[in-house]
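Worth knowing before you read on, the calculation uses all heavy atoms, side chains too, and leaves out hydrogens, waters and symmetry mates. So you know, we letter chains A, B, ... as the sequences are listed, proteins then strands, and number each from 1. The structure presented is a predicted model; accordingly, all values stated were derived computationally and were not measured.
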Amino acid sequence: MLTSDLVFASKSGRYIKPCFIDPANPELLTLADNLIMLFSRAFEKRFSCRQLDDDLAPLKSLNSKNFPVNALIKLLDDRVSRTNAVPETDHQNMRRELFTRSAELLGSGNFKEYWQFINSNTIDPYCDLPEFDIIADFKPVTPKELLERYNTALVQAILFKAEKLTVIADSPDQGELRRMLKYLKFFRLLCNITKTPSGALKLEISGPLSLFGPTRKYALNLAAFFPAVLRLNEWQLRAEIKDRSSFSILKLDRTSNLVSHYRHFSGYVPEEIRVFHRLFAEKSELWKITGDTPLFVAGKGSYIAPDISFTNSASGKILHLELFHRWHRGQLEQRLEYLERHPEIPLIIGIDRAICDEQSADELAKKYPGAMEKCFRFRDFPGVDTVMRKLNSQKG
Amino acid sequence: MILSFHAGTLIFSAHPEPMPEELLKFFTFDARTNAFTACANDYADIVITLIKNKINFTDAAKDYVPLKINRLQKPLQLRPHQQEALSSWISAGRKGITVLPTGSGKTILAVSAIANTQRPAIVLVPTIDLLSQWANVLENFFDVPIGILGGGSHTIQPITVSTYDSAVLNMEFIGNKFGLLIADECHHLPSNEYRTAAKMCIAPFKLGLTATPEMAPERSSVLTSLLGDIVCRKHIDEMAGSVLSPYIIRTIRTQLAPDELARYREMRAVYTSFIRSRGISFDSPDGWKNFMIQASRSDAGRKAFEAFLEQREISRAGKKKVEYLREIFQNHPKERTIIFTADNATAYSIGRKYLFPVLTHHTKAAERKEFLKLFREGVYSTLVTSQVLNEGVDVPEAAVGVILSGSGSVREHVQRLGRILRPAPGKKQAVLYEIISSDTAEESVSMRRRDHRAYRKKGAGF
């Protein structure tokens, strides 16, 4: 991520314009290649951070908006792991001995001896400061990827001061929309979905507390979410950026030619889901987990994106499971209300006990008896037996 | 009807249609979730309104039970000013801010507020040093494990200490587990990010602690809306000599060496002529930002910025300033001394030159703890720091403070003075040295930071 001092952007009226670079520019590609080479070399030769810094210093003086050396260095620096230069040396002990002796001499009032002691010392008591750390690892990247990453990071750094995002997705297919909703859930954001007169989907994205006025509490989540927008085929984005007294608008669309580095979101499977899949396959003969989960339109511009789908191997019946963890409390009642009106949706619901205790479950059952029949409660993550019982109990 | 806590907000579900009128001043309909939603910190007022209007509801929001504190592990004897502060806070409905100088026992006041309120409590602190310091004090008084959130720890207990940063990240999950919110150094709370920590917490009882409540009116009103009004206020000069150690302040002016002075003037001319040519004024709130923007746009700008850094470095760490430290050591060989600098580089250069422990954000937690322990025990007589010890950290044994360099912030200056004012056995008088380079911009920086009644005290020794 880029810090604000590394952001190059200009203002034109109320609009803020990031100073994007051309990832195909030969000079920039050469610069990126040189920087990557210096980082790779530092890793191969186990250089210290200070040595690497010395190597980078001449290039840093070239920093400008069209030649953003410092920002590219920061992005490469984020790919570095460091380790202490001499891990086996007990620096803390060395310092304790040195400082105890100097304090003894100073406290005794024997200044002559104290001055002699400090003047004759040859040990650097602070030789383990971060500048002396060794480059222990460097995740490789191509020059083009680095330049593309810079453009996206520039937008993300501006979004650190955003209060909400508005994204217009023109005719997204189910897969695209489903991915967007998964990203929203993953980054714990909320969105209001409406249709524009032209039929595109308008997503107004913020967090729960945004309802009570502007807050930058979710700025980091919004910035982290942004690369997900880039995976849509047709998109426009608008964000309001507040910086102390000034206010500006960021507007981008597909023609900005930004590239998402989120390529394998679906490839990330949390450990508990992996374990659930394995245990379910071991225990259940009748129900099998299926690969694809569909998206259901749930009215009022909202959608249901189940977490797991199951097929009954005897009857071919398909049921989907949607989980409501502690940060999805707000959407739970909305879903129950919809299911009560639409019992035909083949969905079962798991609710974290943290958001629904015994008493709350009773009250919800009174208000939504049909929907609550499709629900079960769990602690942290549902057990295989509980899910199987609920699947087997569904009629029809 | 169910009142529940969700991601730092309150949701009212299964409610009758239409929504009862009395509740609409708290709840807003959130179309994104199809639910009536309120700010978590309105919890107490919402519950009172529901009860007053005899509206039956299930409280699924509150996730705590009263804390049973039959007795403290250590006897707690409040001094008169602490007793007065506690009584004022209780009379104000256990809400409000107490302004007490550093060293006058704000932590003890907080301990008595927890014991008196008998509710699970979360204490917000600005730094990791304060996190462990508070945890140690609370462990000494309460016979329960203390939760720690921040600095790599993530344990939630009925009494938990959290950094402000960790609270912002975690309050959406734990904001319903506490009945008392204590904000230490609460002048931090109104910042755009930190204020959300308090907004997402349902705690009906709130206590703010600070020594320096001065802030812009907008921030002040945010602080009041989150914690309540100031319920008690005492000043350093009122307490010096009784609750706090008596003190004197000595301002020492040193000359730059001839080579330093020549370079200082040269660099200052480059920098000032640039800001004049661009019409940049540091009196405007965006002055510094303007300078940064203009500096990044041209070669002249970059040179001006480098010149600015160099002239500042020369004035902050002039050779004679650093040499003057020798005189201070010789005048106070037996007294515990803290040397404050404006930046880490100067702190480490002094640490290397005089072989002193240096505390910065680079100092690892275990060693930081050891430095402070050995300093308190008297094994180390001197600590050097840039910003780490500005706030809160309890080192009562320190009797001499040396401000080698600093910003123009009154708050920073008062906090640094506060570090040497805690009373301790055998401590007769605290001395604060402020060393400034004559004929440099440090003169005006020094004037700005001394604009506080603690420095105008009769006998403050200018």
Side-chain angles (χ1 to χ4, degrees), chain A residues 5 8 61 63-65 91-92 95-96 98-103 106-109 111 114-115 117-118 121 124-126 129-130 188 190-192 204 206-209 211-212 215-217 243-246 300 302 326-334 337 355-357 359-360 363-364 366-367, chain B residues 1-2 4-9 11 13-14 28-35 37-40 58 60 63 168 172-173 192-193 195-196 199-200 285-286 289 292 296-297 302 326 329-330 333-334 344 348 351-358 360 362 364 366-367 370-371 374 378-382:
Chain A
D5 57 314
F8 284 111
S61 65
N63 189 50
S64 72
K65 73 174 177 185
H91 299 286
Q92 198 173 333
R95 275 191 283 271
R96 192 185 307 116
L98 214 51
F99 300 156
T100 304
R101 182 69 187 136
S102 81
L106 192 61
S108 70
F111 297 113
Y114 169 67
W115 305 133
F117 175 69
I118 61 170
N121 172 57
D124 178 359
Y126 298 107
L129 283 174
R188 300 199 306 275
L190 290 177
C191 86
N192 196 20
E204 288 172 279
S206 55
L209 211 61
L211 187 66
F212 308 105
T215 173
R216 296 222 303 250
K217 153 88 181 129
D243 187 9
R244 292 192 186 170
S245 53
S246 71
K300 291 184 188 170
S302 84
R326 57 190 69 204
W327 54 89
H328 303 129
R329 177 67 181 86
Q331 292 115 310
L332 175 62
E333 198 172 351
Q334 181 187 17
E337 191 246 333
I355 57 170
C356 187
D357 62 12
Q359 208 175 348
S360 301
E363 293 223 17
L364 289 170
K366 275 183 215 154
K367 200 168 175 190
Chain B
M1 281 175 284
I2 310 166
S4 53
F5 178 81
H6 163 62
T9 64
I11 288 182
S13 50
T28 306
F29 185 73
D30 190 345
R32 302 168 302 175
T33 55
N34 209 22
T37 307
C39 232
T58 302
D63 189 19
V168 170
E172 59 190 293
F173 307 112
N192 276 329
E193 282 72 28
R195 67 179 68 169
T196 56
K199 279 187 178 175
M200 293 188 292
D286 286 334
K289 193 175 150 195
M292 295 301 289
S296 67
R297 284 186 178 162
R302 275 190 288 279
R326 287 177 172 237
F329 305 150
Q330 289 184 354
K334 305 270 182 211
N344 288 351
Y348 281 113
R352 285 185 172 108
K353 185 176 169 73
Y354 293 109
L355 297 181
F356 289 151
V358 178
T360 69
H362 290 311
K364 296 198 173 77
E367 193 167 25
E370 181 186 288
F371 280 174
L374 296 177
V379 177
Y380 296 159
S381 57
T382 308

A.B. asks: Tell me, side chain or backbone of A:R96 under 4.5 Å from chain B's heavy atoms, or both, or neither?
C.D. replies: both

A.B. asks: Of the backbone (N, CA, C, O) and the side chain (C-beta and beyond), which part of A:L129 lies under 4.5 Å from a heavy atom of chain B, both, or neither?
C.D. replies: side chain

A.B. asks: I'd like to check B:R326 versus A:W115 (side-chain heavy atoms, cut-off strictly below 4.5 Å). Are they in contact?
C.D. replies: yes

A.B. asks: Is the closest side-chain heavy-atom distance between A:I118 and B:K353 below 4.5 Å?
C.D. replies: no

A.B. asks: Show the nearest heavy-atom pair for residues A:L106 and B:P333, with the distance to one decimal.
C.D. replies: O-CB, 3.9 Å

A.B. asks: Can you measure from CD1 (B:I2) to CD (A:E333) and round to the nearest 0.5 angstrom?
C.D. replies: 6.5 Å

A.B. asks: Is A:T100 close to chain B through its backbone or its side chain, or both, or neither, when contacts mean heavy atoms under 4.5 Å?
C.D. replies: both

A.B. asks: For A:F212, is it the side chain, the backbone, both or neither that has a heavy atom under 4.5 Å from a heavy atom of chain B?
C.D. replies: side chain

A.B. asks: Applying side-chain contact (heavy atoms from CB on, under 4.5 Å) to B:K364 and A:Q92, what does each step give before you reach the verdict?
C.D. replies: CA-CA 10 Å; B:K364 296 198 173 77; A:Q92 198 173 333; over 6 Å; no

A.B. asks: So which part of B:T28 gets closer than 4.5 Å to some heavy atom of chain A, the side chain, the backbone, both or neither?
C.D. replies: both

A.B. asks: Considering non-hydrogen atoms only, spot the tightest contact between B:H6 and A:P208 and give its length.
C.D. replies: NE2-CG, 4.4 Å

A.B. asks: Is any side-chain heavy atom of A:L190 closer than 4.5 Å to a side-chain heavy atom of B:D30?
C.D. replies: yes

A.B. asks: Where the side chain of A:S102 meets the backbone of B:L355, is there a donor-acceptor pair that is under 3.5 Å apart?
C.D. replies: yes

A.B. asks: Chain A heavy atoms under 4.5 Å from B:E367: which part of the residue, side chain, backbone, both or neither?
C.D. replies: both

A.B. asks: Do you know which two heavy atoms are closest between B:V168 and A:K217, and how far apart they sit?
C.D. replies: O-NZ, 2.9 Å

A.B. asks: Counting only non-hydrogen atoms closer than 4.5 Å, does B:S381 touch chain A with its backbone (N, CA, C, O), its side chain (CB onward), both, or neither?
C.D. replies: both

A.B. asks: Which heavy atom in A:G107 sits nearest to a heavy atom in B:K334, and how many Å separate them?
C.D. replies: O-NZ, 2.9 Å

A.B. asks: Heavy-atom distances under 4.5 Å only: say whether B:Q330 touches chain A with side chain, backbone, both or neither.
C.D. replies: both

A.B. asks: Side chains of A:Y126 and B:T360: does their closest heavy-atom pair fall under 4.5 Å?
C.D. replies: no

A.B. asks: Select, from A:S108, A:A103, A:P130, the one with the greatest count of heavy-atom pairs under 4.5 Å involving chain B.
C.D. replies: A:P130

A.B. asks: Among A:N121, A:T215, A:D357, single out the residue with the greatest number of heavy-atom pairs under 4.5 Å to chain B.
C.D. replies: A:N121

